[in-house]
Amino acid sequence: MANRKLISDTIETALNNQIEMEATASFNYLALVSWCEERGLKGCAGFFMAHSEEERQHMMKFFNYVNAVGGFAVAPNIKKPSASFGDIKKVFENALSHEQKVTKSIHELTELATKERDHATYNFLQFFVQEQLEEEQLFTNAIERIELIGLDGKGLFYIDKEIELLRNENG
């Protein structure tokens, strides 16, 4: 027997789009792991591996929520991520840019839930509103540290150590 559907088709579609966005983020971070490892930046690789897993967990939260409210969660189709990023500062700027897109999407979902008077979905999304604020602050902080240290050979060593510390500070 099927569950009674507790969300609108519009909300269901929007949440499935978010599932794809979170999965894409997870795979993009995996690409950054390889980029960093290839350059000996183990601290940065660990940072991005943790973020890849976190994004996968976010995807699963959305996936499980859609199914729990009687919708049909769609397994996402993910395009192969880029493997060319420039330097470590560009890597973090790229990641921040993607996080900003995710933030915009979460805010749009929140607005849609408000418009549709879907209080359960609105409440579910509040975790992600806070999470995105923290993510943008984290990546901004990383970029500021990179700018402070510089990108020369010794700078890369210290950047890698700082990013490892940043990861440990933020669990």
Side-chain angles (χ1 to χ4, degrees), residues 1-37 44-85 90-143 163 166-171:
M1 184 164 110
N3 289 342
R4 186 173 148 244
K5 191 170 179 181
L6 302 174
I7 56 174
S8 70
D9 290 343
T10 304
I11 294 278
E12 181 179 355
T13 298
L15 290 172
N16 273 308
N17 290 339
Q18 192 65 35
I19 289 170
E20 185 172 316
M21 183 174 273
E22 300 291 340
T24 297
S26 178
F27 279 89
N28 285 342
Y29 285 134
L30 280 179
L32 297 177
V33 169
S34 288
W35 187 93
C36 291
E37 284 186 350
C44 292
F47 176 89
F48 287 119
M49 183 62 81
H51 271 75
S52 176
E53 180 55 31
E54 183 177 53
E55 297 300 336
R56 186 185 136 0
Q57 289 172 4
H58 293 170
M59 176 196 71
M60 291 309 302
K61 282 184 181 193
F62 279 101
F63 191 92
N64 292 331
Y65 178 78
V66 170
N67 284 334
V69 294
F72 185 86
V74 178
N77 182 22
I78 306 304
K79 296 177 187 169
K80 183 179 176 181
S82 174
S84 175
F85 303 103
K90 288 185 178 112
V91 164
F92 277 88
E93 288 171 341
N94 185 327
L96 175 59
S97 176
H98 184 77
E99 289 296 341
Q100 290 167 333
K101 288 176 190 169
V102 172
T103 298
K104 183 176 187 251
S105 180
I106 294 294
H107 290 172
E108 289 170 355
L109 275 169
T110 304
E111 290 171 19
L112 179 62
T114 300
K115 178 181 169 195
E116 298 227 350
R117 296 185 173 151
D118 182 343
H119 302 291
T121 298
Y122 178 88
N123 187 50
F124 167 76
L125 292 168
Q126 294 313 298
F127 166 84
F128 296 99
V129 170
Q130 181 60 37
E131 180 70 17
Q132 285 310 120
L133 174 63
E134 292 168 9
E135 291 297 306
E136 286 193 34
Q137 289 172 337
L138 177 65
F139 280 97
T140 299
N141 190 352
I143 292 166
I163 297 304
L166 193 58
R167 182 184 91 189
N168 293 334
E169 289 171 8
N170 291 280

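What you are looking at is a predicted structure, and each value in this text was computed from that prediction instead of being measured. When a residue number appears, it is its place in the shown sequence, counting from 1.
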Participant: Between the side chain of E53 and the main-chain N/O of M49, is any donor-acceptor distance below 3.5 Å?
Facilitator: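 Such a contact is absent between E53 side chain and M49 backbone.
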Participant: Decide yes or no for P76 and M59: does some side-chain heavy atom of the first lie under 4.5 Å from some side-chain heavy atom of the second?
Facilitator: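 Of all side-chain heavy-atom pairs linking M59 with P76, at least one is under 4.5 Å.
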Participant: Would you mind reporting whether K61 and F127 have side-chain heavy atoms less than 4.5 Å apart?
Facilitator: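 Counting from C-beta outward, F127 and K61 do come under 4.5 Å.
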Participant: What distance do M21 atom CE and I78 atom CD1 have between them, rounded to the nearest 0.5 Å?
Facilitator: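 Result: 10.5 Å between the selected atoms.
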Participant: Report yes if some heavy atom in the side chain of I106 is under 4.5 Å from a heavy atom in the side chain of Q18; otherwise report no.
Facilitator: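 Yes, side chains in contact.
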Participant: Below 4.0 angstrom, N of the basic side chain to O of the carboxylate: do K115 and E111 qualify?
Facilitator: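 No, K115 and E111 are not salt-bridged.
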Participant: For residues Y122 and A113, report the shortest heavy-atom separation together with the two atoms involved.
Facilitator: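 What the structure gives for the nearest pair is N-CB, 3.8 Å.
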Participant: Between R167 and G46, is there a donor-acceptor pair closer than 3.5 Å when you use the side chain of the first and the backbone of the second?
Facilitator: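 Yes.
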Participant: Can you confirm if the aromatic rings of F47 and F92 lie within a centre distance of less than 6.0 Å?
Facilitator: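 Yes, close enough.
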Participant: So, taking the atom named CD in E169 and the one named CG in N141, what distance separates them when rounded to the nearest 0.5 Å?
Facilitator: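 Going from CD on E169 over to CG on N141, the span is 7.5 Å.
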Participant: If the condition is ring pair (Phe, Tyr, Trp, His ring centres under 6.0 Å), which residues does F128 pass it with, not counting sequence neighbours?
Facilitator: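 Listed in chain order: H58, F62, F124.
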Participant: Can you name the nearest heavy-atom pair linking V66 to A73, along with the distance?
Facilitator: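 Heavy atoms of V66 and A73 come nearest at CG1-N, 3.5 Å.
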Participant: Less than 4.5 Å apart, side chain to side chain, heavy atoms only: is that true for E12 and V69?
Facilitator: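 Result no, sub-4.5 Å side-chain heavy-atom pair not found.
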Participant: How far does CD of Q132 sit from OG of S105, to the nearest 0.5 angstrom?
Facilitator: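 The distance works out to 9.0 Å.
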Participant: Apply side chain to side chain contact (heavy atoms under 4.5 Å, CB included) to E93 and I143, showing your working.
Facilitator: CA-CA 7 Å; E93 288 171 341; I143 292 166; 3.9 Å; yes
Participant: Can you find a side-chain donor-acceptor pair between E135 and H51 that sits under 3.5 Å?
Facilitator: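 Yes - a donor-acceptor pair under 3.5 Å links their side chains.
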Participant: Drop me the distance from T10's OG1 to L15's CG, to the nearest 0.5 angstrom.
Facilitator: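 The distance works out to 10.5 Å.
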Participant: Show the nearest heavy-atom pair for residues T110 and Q126, with the distance to one decimal.
Facilitator: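 So the minimum-distance heavy-atom pair works out to CG2-NE2, 3.8 Å.
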Participant: Please report the closest heavy-atom contact between A31 and S82, naming both atoms and the distance.
Facilitator: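 Smallest heavy-atom distance, with atoms named: CB-O, 3.5 Å.
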Participant: Going by heavy atoms in the side chains, are E99 and E131 under 4.5 Å from each other?
Facilitator: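 Side chain of E99 against side chain of E131, heavy atoms only: no contact under 4.5 Å found.
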Participant: List the steps, then state whether side chain to side chain contact (heavy atoms under 4.5 Å, CB included) holds for N94 with K90.
Facilitator: CA-CA 6 Å; N94 185 327; K90 288 185 178 112; over 6 Å; no
Participant: Determine whether E22 and V102 make a side-chain contact, defined as any pair of heavy atoms from C-beta on separated by less than 4.5 Å.
Facilitator: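 Yes - at least one pair of side-chain heavy atoms lies under 4.5 Å apart.
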Participant: Taking all atoms of both residues into account, what is the closest heavy-atom pair of L109 and A14, and its distance?
Facilitator: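 Looking at all heavy atoms of both residues, the shortest contact is CD2-CB, 3.3 Å.
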Participant: If you draw a 6.0 Å radius around CZ in F85, do more than 12 non-hydrogen atoms from other residues or ligands fall strictly inside?
Facilitator: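 Above 12, so yes.
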Participant: Decide side chain to side chain contact (heavy atoms under 4.5 Å, CB included) for I19 and N16; before the verdict, give the C-alpha distance in whole Å, the side-chain angles of both, and the deciding distance to 0.1 Å.
Facilitator: CA-CA 5 Å; I19 289 170; N16 273 308; 3.4 Å; yes
Participant: I need the K101 NZ to S97 OG distance, nearest 0.5 Å.
Facilitator: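 Atom-to-atom, K101:NZ and S97:OG are 4.5 Å apart.
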Participant: In chain order, what residues pass the side chain to side chain donor-acceptor pair (under 3.5 Å) check against E134, with sequence neighbours excluded?
Facilitator: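 E134 satisfies side chain to side chain donor-acceptor pair (under 3.5 Å) with Q130 only.
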Participant: Which heavy atom of F139 sits nearest to which heavy atom of A95, and what is that distance?
Facilitator: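 Looking at all heavy atoms of both residues, the shortest contact is CE2-CB, 3.5 Å.
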Participant: Is any side-chain heavy atom of H119 closer than 4.5 Å to one of N123?
Facilitator: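 No, too far: nothing below the 4.5 Å cut-off.
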Participant: To the nearest 0.5 Å, tell me how far N28 CG sits from H98 NE2.
Facilitator: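 Reported to 0.5 Å precision, the distance equals 6.0 Å.
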Participant: Side chains of T121 and L125: closer than 4.5 Å at any heavy-atom pair?
Facilitator: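 Yes; the side chains approach each other to less than 4.5 Å.
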